[in-house]
Number of protein chains: 2
Amino acid sequence: MTEATAKPSAKLKLLDAAMSVIRIKGFSATSVDELCAAAGVTKGAFFHHFKSKDELGVAAADHWSETTSAMFAKAPYHDHADPFERVLAYVALRKDLLAGSLPEFTCVVGTMVQETYETSPAIRDACDRSISAHAETLEADIEAAMRDRHLRPEWTAKSLALHTQVVLQGAFILAKAKGGAEIAAESVDHLSRYLTLLFSPPKVERQS
Amino acid sequence: MTEATAKPSAKLKLLDAAMSVIRIKGFSATSVDELCAAAGVTKGAFFHHFKSKDELGVAAADHWSETTSAMFAKAPYHDHADPFERVLAYVALRKDLLAGSLPEFTCVVGTMVQETYETSPAIRDACDRSISAHAETLEADIEAAMRDRHLRPEWTAKSLALHTQVVLQGAFILAKAKGGAEIAAESVDHLSRYLTLLFSPPKVERQS
DNA sequence: TTGACTACATACCAACCAGTCGGTATGTAG
DNA sequence: CTACATACCGACTGGTTGGTATGTAGTCAA
């Protein structure tokens with residue numbers, strides 16, 4: 001099912017175009033014609049590969065999952081021996097990614113799910129899958145870090161992993177509102193500080 | 001400029017309708033006709049009060065600012081004598097508000113700015129004003145809490161106030177993706193925990 | 001009474017929308 | 001060479017879109 005990168009098929013060109021156009025204009029405001037123009041293909045090609053605009057939305061979310069998970073899988077933050085260092089380095093990477101323009105660093109599925117969560121269950125599910133699957137890759141490191149530091153907190157690794165995604169998604173919204181990523185970066189700093197406080201208690205009594 | 005609440009004018013009915021319809025379908029997917037139908041008025045009334053759909057978007061963001069600021073202004077969390085307690089109680093209130101349905105507790109301006117930040121500067125600015133003005137009401141309490149606890153941290157009251165809004169906006173997105181507010185609530189718990197860690201250091205050396 | 005004004009309603013339009021359809025070009029298996 | 005599949009094209013359609021032009025009922029002041 002994976003496409004050969006040599007010959008860019010119409011389907012791939014449409015999905016790549018969707019990544020950028022949806023992040024600029026949102027899903028609803030992006031017309032099929034516009035998508036075809038951006039991809040350099042015709043409407044016939046569009047409806048040959050996708051039964052409907054909604055089906056492209058689902059495919060776009062899946063495509064986003066694949067490209068981003070591949071990118072994060074080969075990122076160097078995994079190289080740290082200490083699992084907590086891996087988590088911190090992941091957050092640092094997310095902060096670094098806030099450079100560049102807004103349509104470049106914001107999230108396709110975060111944008112799409114806002115517009116479609118009530119009107120298109122298929123797209124919403126695809127967006128949920130994308131976010132949750134990415135969070136699960138963090139969950140493993142967080143769990144390892146918890147074991148490593150002998151933490152038995154009231155929160156779970158899963159909720160903390162999802163919290164990192166909450167902060168990032170929220171940071172994107174504030175960045176869009178402000179027209180720049182400065183406070184988004186500061187918010188990621190707050191997240192980093194929170195993690196450090198959780199995993200490096202300055203000196204606290206151990207219960208049990 | 002403030003409307004009398006006695007007689008629901010077409011303008012007010014349109015703005016109230018916008019609050020709910022936009023949160024359900026998003027701004028782009030909400031048509032003027034639909035808005036008029038929801039408000040029980042005709043298109044003539046719409047374009048009498050708003051020059052364009054974009055202008056309604058701006059008015060909707062302003063309307064959102066007014067209604068929410070009025071609601072938070074009379075909320076009981078201000079009654080705490082301790083400023084940090086006020087901040088914590090605010091966050092607790094935001095968590096309580098996560099009950100109810102998604103279109104009820106999510107944010108109009110957070111939804112709108114995602115779709116319009118690149119295509120409508122006027123709406124984006126109105127959304128920014130709404131979020132930033134609300135954050136500023138928190139900033140005062142945070143600053144007071146910082147003085148109260150003699151904190152001289154590397155972060156600013158402003159960035160922390162905005163961070164609370166980042167977490168809330170992100171929580172809304174995750175809630176939409178998941179179809180429920182459970183992890184949104186857990187994320188607000190993480191925010192609460194972060195604030196507690198920042199303002200109640202278990203025992204740390206004082207510099208200077 | 002009149003005239004100006006506000007607050008709507010009705011009727012309408014051109015552009016645009018998602019989706020369809022008949023057709024072509026290029027395989028590929030037998 | 002036949003039979004059929006896949007990939008793609010672009011004109012077309014019926015309905016929807018944001019927006020306009022015009023009408024009218026009520027209000028207030030002179």
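By convention in this document, chain letters (A, B, ...) are assigned in the order of the sequence lines, proteins followed by strands, and residues within each chain are numbered from 1.
- Sequence neighbours left out, the pairs with a member in residues 131-142 of chain A that pass salt bridge (Lys or Arg N to Asp or Glu O under 4.0 Å) are Arg86(A)-Asp141(A).
- Pairs of residues two or more places apart, or lying in two chains, that qualify as salt bridge (Lys or Arg N to Asp or Glu O under 4.0 Å) and include a residue from residues 87-115 of chain B are Lys95(B)-Asp189(B).
- Between His49(A) and dA7(D), a side-chain N or O to OP1/OP2 separation shorter than 4.0 Å is absent.
- Take Ala89(A) and apply the side chain to side chain contact (heavy atoms under 4.5 Å, CB included) test, not counting sequence neighbours, and it matches Tyr77(A), His80(A).
- Sorted by first and then second residue, the salt bridge (Lys or Arg N to Asp or Glu O under 4.0 Å) pairs with a member in residues 23-45 of chain A read Lys25(A)-Glu34(A), Asp33(A)-Lys43(A); sequence neighbours excluded.
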Solution key, residues 163-174 of chain B side-chain donor-acceptor pairs under 3.5 Å, sequence neighbours excluded:
{"unit_1": "His163(B)", "atom_1": "ND1", "unit_2": "Ser187(A)", "atom_2": "OG", "d": "2.6"}
{"unit_1": "Thr164(B)", "atom_1": "OG1", "unit_2": "Ala161(B)", "atom_2": "O", "d": "2.5"}
{"unit_1": "Gln165(B)", "atom_1": "NE2", "unit_2": "Tyr90(B)", "atom_2": "OH", "d": "3.1"}

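- With sequence neighbours excluded, the residues that form a side chain to side chain contact (heavy atoms under 4.5 Å, CB included) with Leu88(B) are Phe84(B), Ser192(B), Leu195(B), Thr196(B).
- Legend: ring-ring contact (aromatic ring centres under 6.0 Å, His included) pairs involving residues 109-130 of chain A, not counting sequence neighbours: none detected.
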With sugar-phosphate taken as primed atoms, P, OP1 and OP2 and all else as base, the protein-contact string of nucleotides 9-26 of chain D at under 4.0 Å (heavy atoms; B, S, -) is BB------SBBB------
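- Note on His48(B): a side-chain N or O is less than 4.0 Å away from OP1 or OP2 of dA7(C).
- Looking only at side-chain heavy atoms (C-beta outward), Leu93(A) and Phe72(A) come within less than 4.5 Å of each other.
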Encoded 5' to 3' (Watson-Crick or G-U under 3.5 Å; [ ] crossing; | other strand), DNA chain C becomes ||||||||||||||||||||||||||||||
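- The nearest whole Å value for the distance from the CG atom in Leu12(A) to the P atom in dT6(D) is 19 Å.
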